Participant: 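Starting off with a structure, shown below.
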Amino acid sequence: MAVRRVIAHLDADAFYATCHELRDPSLKGRPVVVGGSGPRSIVTTASYPARRFGVGSAMPMSRALRLCPEAVVIAPDRELYTSTSQRVWTLVAEAMLAAGAVCDGEEGPIAHLEQAGIDEAYAELVRLEKPLAFLRGLIADVREQTGIQLSAGVSPSRLISKISSDLEKPAAFVVLSREQALERLAGRPLSIVPGIGPKAAETLAGLGFRTLSDLARAEPAALLEHFGESRGTWLAQVADLSVDVPLQPVRLRKSISSENTFEQDVDADAARDPEAAARLREQIEQMALEVAQGAVRRGFRGRNVAIKVRTAAWRTYTRATTLPQYTDEPARVVAEALRLWDEHRPDEPVRLIGVRLGSFEHVERAERGAAGGAQDGPDGGTGGVRQLRLVLDPAEG
DNA sequence: TCTGGGGTCCTAGGACCC
DNA sequence: TCTGGGGTCCTAGGACCC
């Protein structure tokens, strides 16, 4: 008998906004918009009352305020989200371990859980007799103990579960087989599929494929021709919702970066504005330091240093070097970033600059720790529940 | 509506080695 | 003197996600 897979996608509703509401209950029920206050800031998360005004993620704040002038704008608070997130996913991991939904890790059992962001995760409910009852209980516990409401999509695959959890938010609990999903999603635009963004959607629309059922009629050969081997094959599998990628309970970080968009463009040409040019150089130095210190804190050493520049005209470029040895020495990272900057500094106004450190050496060991334990260190932790710590604090969007 | 900051993954092309 | 093909490492750009 074939083993029936049950994969849940768990996604916190309006996570950032809810974190703030939990800290300040007077915000509850009001149109809360999390985001910066500068002229170029965008909305990170909008509470459901704010969404009723048409406010949404990634929207320029200026537009959000035009749509909803009475919105309460709140500056993002990383630490608040990280600590709340840890409480939520620790609870989930512990419940799964207690219930026996575990896989083997090098150092013992790990919950069959893949964190996919600060506010979402996939859980594979192996060896549970009543997975749905378990999930409902878990979601109720999480809400009681943390105040966070999780939406759930449950199906035989990550893709279907991910799409499903989004269908009836907030507080969704959508259970679908592949066949039921094919029927229910047939007329939906392809943009509901994670991995099909604006560009791919446009290309597909040009070929006459706008919905999932359109795509199901596509010749696989045509998809391969337009999208190449890898993506073409994937799209063909999306069409019948047969995409199936195993969970990755432990993931390694690949890079650490820091970048900043200026409220106004800054002239990088030293001849025209030496002071501005000096400020930019200092910022590169500062960011390189930050990034290197982040690596030190986490016990990583990298080999690849890169800078990123976006000009006022929205031309974006990166310049990178690979060092002969791995390093976490701030002075080394700073020196490389400054060298790249000096060699590739634009002579036109810039809107963004950034620094990244990558190509980490930590192959030998997964980045994980005891959930809710120490904040950092490759194996830092209390030795309790083992859980991926992977994506540390990805912003929402 | 003029577009953040943190990431991941993929592709193309060049250098270099055998 | 001209020319092979595969593999690896690296850079750069871009799509995409939260």
Side-chain angles (χ1 to χ4, degrees), chain A residues 9 11-12 14-16 33-46 54-67 75-76 78 81-82 85 114-121 158-159 162 165-166 190-204 227-234 245 248 251-265 287 290-291 294 303-324 340 344 351-360 367 390-397:
Chain A
H9 178 248
D11 197 344
F15 182 62
Y16 289 5
V33 176
V34 181
S37 54
R40 286 174 168 172
S41 61
I42 57 109
V43 173
T44 305
T45 310
V55 177
S57 290
M59 175 184 287
M61 189 62 82
S62 53
R63 179 162 178 236
L65 289 173
R66 251 173 277 138
L67 288 168
R78 272 293 157 78
Y81 312 142
T82 306
S85 167
E114 176 181 330
Q115 210 169 327
I118 197 163
D119 67 339
E120 60 173 304
R158 318 161 38 119
L159 181 75
K162 166 88 175 164
S165 67
D166 230 13
L190 286 169
S191 54
I192 66 163
V193 176
I196 299 184
K199 297 286 177 184
E202 201 189 324
T203 306
L204 287 162
F227 292 91
E229 174 79 31
S230 148
R231 220 154 138 74
T233 310
W234 179 77
V245 182
Q248 252 181 286
R251 296 182 57 177
L252 301 173
R253 175 191 284 271
K254 302 275 171 73
S255 67
I256 297 175
S257 67
S258 168
E259 63 182 61
N260 181 241
T261 296
F262 305 114
E263 297 199 349
Q264 285 184 312
D265 301 331
M287 289 170 152
E290 229 175 85
V291 153
R303 273 182 74 207
N304 191 272
V305 180
I307 62 161
K308 174 175 170 181
V309 177
R310 176 128 72 212
T311 67
W314 205 267
R315 183 174 70 90
T316 306
Y317 62 87
T318 58
R319 291 295 178 266
T321 47
T322 293
L323 305 171
L340 287 166
H344 303 284
R351 93 177 258 138
L352 171 153
I353 57 176
V355 176
R356 175 171 51 85
L357 179 65
S359 297
F360 294 133
E367 177 184 359
L390 86 314
V391 190
L392 329 90
D393 35 13
E396 228 194 20

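The shown structure was predicted, so the numbers you read here are calculated from the model rather than taken from an experiment. To find a chain, count down the sequence lines: A is the first, B the second, and so on, and within it residues start at 1.
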Participant: Could you state the CE-P distance from A:M287 to B:dG5, rounded to the nearest angstrom?
Facilitator: 8 Å
Participant: Quickly work out the A:L340 CG to C:dA12 C1' distance and round it to whole Å.
Facilitator: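 Answer to the nearest Å: 13 Å.
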Participant: How many whole angstroms separate atom CD1 of A:I192 from atom P of C:dC17?
Facilitator: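 Atom CD1 in A:I192 sits about 12 Å away from atom P in C:dC17.
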Participant: B:dT8 C1' sits how many Å from A:E259 CD, rounded?
Facilitator: 14 Å
Participant: Between C1' on C:dC10 and CZ on A:R319, what's the gap in Å once rounded to a whole number?
Facilitator: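 Value for this atom pair: 14 Å.
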Participant: When we call it a touch if two heavy atoms are under 4.0 Å apart, what does A:K162 touch: a base, just sugar-phosphate, or nothing?
Facilitator: sugar-phosphate
Participant: Would you kindly give the CZ-to-C1' distance between A:R356 and C:dA12, to the nearest whole Å?
Facilitator: 10 Å
Participant: Please report the distance, rounded to the nearest Å, between CD1 in A:I256 and P in B:dG7.
Facilitator: 7 Å
Participant: With the threshold set at under 4.0 Å for non-hydrogen atoms, list the residues of residues 194-203 of chain A touching DNA chain C in residue-number order.
Facilitator: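 Going residue by residue through residues 194-203 of chain A, the ones with a heavy atom under 4.0 Å of DNA chain C turn out to be A:P194, A:G195, A:I196, A:G197, A:P198, A:K199, A:A200.
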Participant: To the nearest Å, give me how far apart CD (A:E290) and P (B:dG7) are.
Facilitator: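 After rounding, the reported distance stands at 10 Å.
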Participant: Contact class for A:V193 vs. all strands (heavy atom < 4.0 Å): base, sugar-phosphate, or nothing?
Facilitator: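 It contacts sugar-phosphate atoms only.
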Participant: B:dC2 and C:dC17: how far apart are their P atoms, nearest whole angstrom?
Facilitator: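 B:dC2 and C:dC17 have their P atoms separated by 24 Å.
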Participant: When you measure from the side-chain N and O atoms of A:R315 to the phosphate of C:dA12, is any distance below 4.0 Å, counting only OP1 and OP2?
Facilitator: no
Participant: Using 0.5 Å steps for rounding, measure from the CD atom of A:E229 to the OG1 atom of A:T233.
Facilitator: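 If we round to the nearest 0.5 Å, A:E229:CD and A:T233:OG1 are 4.5 Å apart.
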Participant: Using a 4.0 Å heavy-atom cut-off across all strands, classify A:R303 as base, sugar-phosphate, or nothing.
Facilitator: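 Sugar-phosphate contact only - A:R303 comes under 4.0 Å of backbone atoms but never of a base.
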